[in-house]
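Shown next, in structure tokens, is the structure this report addresses.
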Amino acid sequence: MKRVDAFAEKNNLSKKEQIVLEGIMDGQKMKDIAKEIGVSRTRAQELKNKVVNNLA
């Protein structure tokens, strides 16, 4: 998605981190995001935390 591309490039987000960010922005539940990228819910939460830390 274009809305995430510039942020992702600037902050060197991985593809999975980008998908997590897009999912959060779309209002998806973490369990659904985790399933989409093929990781555990805990791992998806870790990716989310990394993205959120980049926002700060």
### Task
Please collect all side chain to side chain donor-acceptor pair (under 3.5 Å) contacts where either partner lies in residues 27-42, sequence neighbours excluded, each pair once.
none
### Shortest non-hydrogen separation from Gln18 to Leu13 and the atoms involved
NE2-O, 3.4 Å
### Query
Which heavy-atom pair separates Ile33 from Ile19 by the least distance, and what is that distance?
CG2-O, 4.5 Å
#### Entry: Smallest separation among heavy atoms of Phe7 and Asn54, with atom names
CZ-CB, 4.0 Å
### Query
By side-chain contact (heavy atoms from CB on, under 4.5 Å), which residues pair with Asn49, not counting sequence neighbours?
Gln45
### Query
Could you state the interatomic distance from NZ (Lys50) to CD (Glu17), rounded to the nearest 0.5 Å?
4.0 Å
### Task
Sequence neighbours left out, what passes side-chain contact (heavy atoms from CB on, under 4.5 Å) with Val39? Give chain and number order.
Lys16, Ala34, Ile37, Arg43, Ala44
